[in-house]
Every structure is written in structure tokens, then in C-alpha cells.
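Reviewing the structure listed below.
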2 protein chains.
Amino acid sequence: MTSVAPIRRTGGRSARVLDAIYTAVGQLMGEGKPDKLTIPVVAERAGVNPTSIYRRWGDIDELLEEVAVAALTQDGDRAPDTGSLGGDLQAWARIVLEDIGTPKRTRYLRAMVAARDGLAPDCPCLAQRRVMAAELIERSEARGERAPSVAQIIDHLVMPLYGRVLMGHPTDQADADRLAADVLALAGEGCSGPNDR
Amino acid sequence: MTSVAPIRRTGGRSARVLDAIYTAVGQLMGEGKPDKLTIPVVAERAGVNPTSIYRRWGDIDELLEEVAVAALTQDGDRAPDTGSLGGDLQAWARIVLEDIGTPKRTRYLRAMVAARDGLAPDCPCLAQRRVMAAELIERSEARGERAPSVAQIIDHLVMPLYGRVLMGHPTDQADADRLAADVLALAGEGCSGPNDR
DNA sequence: CGGCTAAAGCCAATACCGTTGCGTTAGCAC
DNA sequence: GTGCTAACGCAACGGTATTGGCTTTAGCCG
């Protein structure tokens with residue numbers, strides 16, 4: 001059987017509905033606990049029929065995950081450029097903390113983690129971070145400095161911040177600064193071999 | 001008003017019911033996603049009336065959180081004692097990864113994170129880790145070695161592991177080893193001041 | 001512009017969850 | 001053993017999420 005290509009309709013109304021749903025989820029996530037976040041509620045807030053949501057996603061968690069990754073992926077933050085790796089790391093650490101530290105973003109993060117099952121090669125919400133880290137490193141090496149690897153920055157700067165936020169551990173700018181300092185120290189010492197993971 | 005002390009009944013039947021519920025939650029968590037984990041389901045699996053669960057916890061999330069912290073707190077792991085800080089860190093990193101890397105434990109971790117709302121001074125699932133870290137440090141300093149702080153070990157060894165697991169990022173023993181090596185390097189260099197946070 | 005049909009809306013039926021009131025069982029203290 | 005009552009089991013209720021059938025709207029293509 002020659003299965004005909006299903007022609008998607010992405011424009012006009014569909015786009016409008018989808019956008020309304022996204023913004024509705026965003027609003028509701030910004031307001032309170034995700035516990036009471038149910039499909040009928042989202043539908044009403046979006047001025048959309050619940051059936052549409054059921055048809056398109058089928059499950060709240062799927063919708064939540066989709067919105068969460070969308071929200072966590074598009075951070076238009078520019079990588080800081082202070083002239084030194086230490087300054088860049090510190091500034092960037094503060095930015096990341098500021099970003100994921102807001103209640104809404106924290107809920108998004110938790111929702112995304114909760115929705116996750118099994119192993120996925122790389123989490124979409126870290127992709128942007130990797131790009132940023134790589135940019136910092138590149139600039140640093142262009143200046144002739146010793147720089148840590150992307151993996152090291154992710155593991156020792158981003159992961160602690162994400163972990164703290166996820167666990168609800170209070171974290172302030174000073175903590176971010178210390179993490180940045182530690183990573184910088186790690187770069188200065190080539191102790192752990194090539195470490196180009 | 002002399003509020004009479006409510007005499008709890010912890011023995012016999014109550015204990016049996018509670019144990020059945022705990023094991024039921026454990027089984028169900030080991031099987032699949034927590035999405036479909038509802039009170040009636042747990043009750044049926046435990047051979048217990050749903051009312052008992054509602055009365056005692058009132059909410060699934062509370063029950064889940066309680067079981068999760070119970071499961072994540074009681075790790076009877078002995079802190080490894082290899083004779084050197086580097087060896088201890090590496091062995092411990094492997095243990096921790098082995099622990100939280102199992103599907104069941106990972107789901108527990110995710111459930112606990114999802115249940116979290118707002119900021120709490122310290123996450124119960126990290127308390128035991130802190131104790132272990134402190135023990136490692138103590139032994140190390142007794143040998144006259146330079147040791148990192150507890151916070152550093154948590155931030156740079158435990159958090160990356162937890163973060164990776166939570167995000168579903170594939171992690172193997174080699175990754176754990178590298179993290180341990182990095183922390184060790186961090187200890188060797190006193191770059192970031194006293195750092196006794 | 002007009003036809004085709006994907007996608008949204010509407011409505012009713014269903015299923016399941018959470019809740020409450022009351023009778024029954026069985027710890028704990030004496 | 002006996003009494004008291006905490007904790008469990010049972011059953012019925014109310015509400016809300018979910019599903020299916022059908023109609024209506026409006027993208028996309030010629």
C-alpha cells in the first residue's frame with residue numbers, strides 16, 4: 001500500500017491554538033504548583049477545547065515536557081565576554097543561576113526531569129549550555145590561556161547549579177562564584193590528564 | 001486545654017499495612033513510569049483498602065516522597081577506605097553511581113525532585129552523602145593530606161552524578177572516575193582560598 | 001475562487017479518582 | 001481478660017478527567 005503523505009497544516013488557526021496552549025501552560029506554570037495542572041484547566045485558560053489537547057498530546061506530561069524543553073532551550077543569552085576566562089565563567093555562572101533560579105524556570109526544569117524516562121544521549125536543555133561553554137573555551141584558548149573542557153564545565157559548573165536548584169537547595173551568587181572559581185582552578189591544573197572528553 | 005496525647009499504634013496490623021504499602025510502591029516504581037501510579041493502584045497491589053492510604057497520607061505525592069526519601073536515605077554503604085583520598089573518592093564515586101543509576105533508584109530520585117516545591121535548607125537524600133564525604137575528608141586529613149571541603153565534594157562529585165542521572169545522561173564508571181580525579185585535583189590546589197563553606 | 005480534508009469544536013457517555021460516613025477489627029494499657 | 005479507641009475495611013456519593021461520534025471551520029493546493 002502506498003501510504004499517502006499526511007499533509008500537515010501548521011499555519012493559521014492551528015498555530016494560533018498551539019500558541020494559546022503554550023502561553024496558557026506558561027502562565028499556569030508561573031502561578032502555582034504543577035499538581036493542579038490538568039488538561040481541562042489548560043484548555044479553559046487557553047480558550048481551547050480540551051479535546052484538541054487530548055488529540056494532539058494525549059497526556060499532560062507530554063505537553064508539559066514539550067513546553068518545558070521549548071522554554072528551556074530558547075535562552076537568547078549571549079555568552080559573556082569579560083576578557084578573561086575567570087571573569088567569563090563567573091559572569092556566566094551568575095547568568096545560569098539567575099535563569100534557572102526563577103520559580104517558573106525551576107518548575108519547568110522539574111517537569112522536564114519528571115517526564116524523562118530511560119536514557120537519552122543528551123538532554124535538550126543542556127545543548128545550549130554546551131554551545132555557550134564551547135564559546136567561552138574557544139575565546140579563552142584564543143588568548144592563550146589554559147581552559148577546561150566542555151564536559152568539565154558542564155559537570156562542575158552547570159550540573160551543580162542544576163542539581164542545587166532541582167533539590168531546592170538555597171543557592172546564591174556567592175555559590176555560583178565559588179563554582180566558577182573551582183572550575184577555573186581545575187583548568188589551571190592539568191592534573192587529570194588530557195581530559196578531552 | 002490539656003490536649004490528650006494521641007496514643008499511636010505502631011505494631012501488628014498497622015505495621016503490616018504500612019509495610020505492604022511501601023513494598024507495593026517499591027514494586028510499582030520498579031516496573032514503570034510513576035505517571036500511572038495512583039492511590040487505588042497502590043492500594044490494590046498492597047492488598048489494602050485505598051481509604052487507609054488517603055487517611056494516612058492524603059496525597060499520592062506525599063506517599064511517594066516519603067517512600068522515596070526512605071529508600072534514598074537508608075544506604076548502608078560503608079565509606080570506602082582504600083588508604084588514599086584519591087582511591088576513596090574514586091571508589092565512593094563508583095558506589096554512588098551504582099546506587100542511583102539503577103532504574104528504580106533513578107525513578108525515586110525523580111519522584112523526590114518532582115515532589116519538591118520551594119526551597120528547603122537541605123535535601124534529606126543528600127544528608128547521608130554529606131556524612132560519607134565528611135568521613136572521607138577526616139580520614140584524609142588524619143593522614144596529613146590536603147582534602148577538599150564537604151561542599152566541594154557534594155558540588156563536584158555528587159551533584160554531577162545526580163544531575164546526569166536525573167537528566168538521563170548516560171554515565172559510566174569512567175565518568176565517575178574522572179569526576180573523582182577532578183575533585184582530587186581541586187584538593188591539591190588551594191586556589192580558591194579557604195573555601196570552607 | 002473552489003474543492004479536499006486536516007484539524008478544531010461540540011456534546012454526550014463513560015470511567016475512574018478522591019472523599020466521606022459508618023461499622024468492624026485489633027493494638028495498647030490496666 | 002477487659003475496656004478504650006486508633007486504625008482499617010466497606011460501600012456509596014460527587015466530581016472531574018477522558019474518550020468517541022459527529023459537525024463545523026479553515027489550511028493548503030490546483
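Each chain gets a letter, A, B and so on, in the order its sequence line appears, and its residues count up from 1. Bear in mind that the values here come from a model prediction, so they are computed numbers and not experimental data.
Taking atom CG of residue A:Asp19 and atom C1' of nucleotide C:dA7, one finds them 17 Å apart after rounding to whole Å. Distance, A:Leu63 CG to D:dT18 P: 12 Å, rounded to whole Å. When rounded to the nearest whole Å, the span between CD of A:Glu44 and P of D:dT16 equals 11 Å. Distance CD1 (B:Ile39) to P (C:dA15): 22 Å, rounded to an integer number of Å. B:Lys36 has its NZ atom 10 Å from the C1' atom of D:dT18, to the nearest Å.
Nearest nucleotide to the side chain of B:Arg56, out of D:dT18, D:dA7, C:dC17: D:dA7. Candidate nucleotides D:dC10, D:dG27, D:dC8 were compared by shortest atom distance to the side chain of A:Arg13, and D:dG27 ranks first. Nearest nucleotide to the side chain of A:Thr10, out of D:dC28, D:dC8, C:dC10: D:dC28. Comparing D:dA17, C:dC17, C:dG27 against the side chain of B:Tyr54 picks out C:dC17 as the nearest. When each of C:dC17, D:dG20, D:dA7 is scored by its nearest atom to the side-chain atoms of B:Pro40, the top-ranked nucleotide is C:dC17. Side-chain atoms of B:Arg55 lie closest to C:dG21 of the nucleotides D:dG21, D:dT19, C:dG21. Distances from the side chain of B:Val41 to the nucleotides C:dC17, D:dA17, D:dG20 place C:dC17 closest.
A:Ile53 comes within 4.0 angstrom of no nucleic acid atom, judged by non-hydrogen atoms across all strands.
The side chain of B:Asn49 places an N or O atom within less than 4.0 Å of a non-bridging phosphate oxygen (OP1 or OP2) of D:dC10. In this structure, B:Ser52 reaches the D:dG9 phosphate: one of its side-chain N or O atoms is under 4.0 Å from OP1 or OP2.
Residues B:Pro80 and B:Arg94 form no side-chain contact, since every pair of their non-hydrogen atoms from C-beta on lies 4.5 Å or further apart.
The residue among B:Gly58 and B:Arg16 whose nearest nucleotide of DNA chain C lies closer to the 5′ end is B:Gly58.
Side-chain contact check for B:Arg129 and B:Tyr162: at least one donor-acceptor pair (N or O, by modelled atom type) lies under 3.5 Å.
The one candidate from A:Glu62, A:Glu66, A:Glu65 that meets the side-chain hydrogen bond (donor to acceptor under 3.5 Å, both in side chains) condition with A:Trp57 is A:Glu66.
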Full working for salt bridge (Lys or Arg N to Asp or Glu O under 4.0 Å) between B:Glu98 and B:Arg105: CA-CA 10 Å; B:Glu98 196 72 25; B:Arg105 281 299 177 92; over 6 Å; no
Check against salt bridge (Lys or Arg N to Asp or Glu O under 4.0 Å), A:Asp19 and A:Arg16: CA-CA 5 Å; A:Asp19 191 58; A:Arg16 211 154 45 239; over 6 Å; no
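The base of C:dC16 does not come close enough to the side chain of B:Thr38 for any donor and acceptor atom to sit less than 3.5 Å apart.
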